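Numbers for residues simply follow the sequence, beginning at 1. Remember, it's a predicted structure, so these values are computed and weren't measured experimentally.
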Amino acid sequence: MQINSELNYNNRFSLKKMVLPNNKKYNTTVEKRAYIESKTEPLEELCTLTFLGAIMSGIFNVKTIEKNSKNSEKLSIALVMASLVLLIMKWIKQIQLSKEYDKENNL
């Protein structure tokens with residue numbers, strides 16, 4: 001008798017029930033997030049690559065922007081600017097895709 005009650009107690013509070021909610025709103029949110037991330041993945045990769053390129057080219061060594069700066073300093077600054085532009089483009093694209101997804105699925 002005592003073993004059976006312990007098994008029932010463990011089954012009621014299993015981690016699977018706590019971790020995986022069976023909520024429709026939660027599931028639609030997860031699907032929407034996966035859809036948006038799949039569409040904006042190339043922009044995110046480009047943004048990461050340009051930022052890493054800026055770090056590798058020595059952006060932390062640039063003190064001031066002058067007319068007669070070295071080419072490597074100009075390249076670093078250009079890569080940081082490109083990274084910021086790509087990040088902003090990604091955010092705008094995510095907002096547009098979110099609105100599109102809501103419109104298509106009547107949310």
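Glu104 contributes atom CD, which lies 9.5 Å from atom CG of Asn106 (distance to the nearest 0.5 angstrom).
If you chain together ILVMFWY residues whose side-chain heavy atoms come under 4.5 Å of each other, Leu87 ends up grouped with Trp91.
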Extract all donor-acceptor atom pairs below 3.5 Å that involve side chains of residues 35-53 and protein atoms in other chains or at least two apart in sequence.
unit_1, atom_1, unit_2, atom_2, d
Ser38, OG, Ala34, O, 3.4
Ser38, OG, Tyr35, O, 2.8
Thr40, OG1, Ile36, O, 3.0
Thr48, OG1, Glu44, O, 2.9
Thr50, OG1, Leu46, O, 3.1
Thr50, OG1, Cys47, O, 2.9

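Put simply, the side chain of Lys90 does not reach to within 4.5 Å of the side chain of Leu86, judged on heavy atoms.
Judged as a side-chain hydrogen bond (donor to acceptor under 3.5 Å, both in side chains), the pairs with a partner in residues 76-85 (not counting sequence neighbours) are, in order, Ser57-Ser76.
The only member of Gln96, Lys32, Arg33 that meets side-chain contact (heavy atoms from CB on, under 4.5 Å) when paired with Tyr101 is Lys32.
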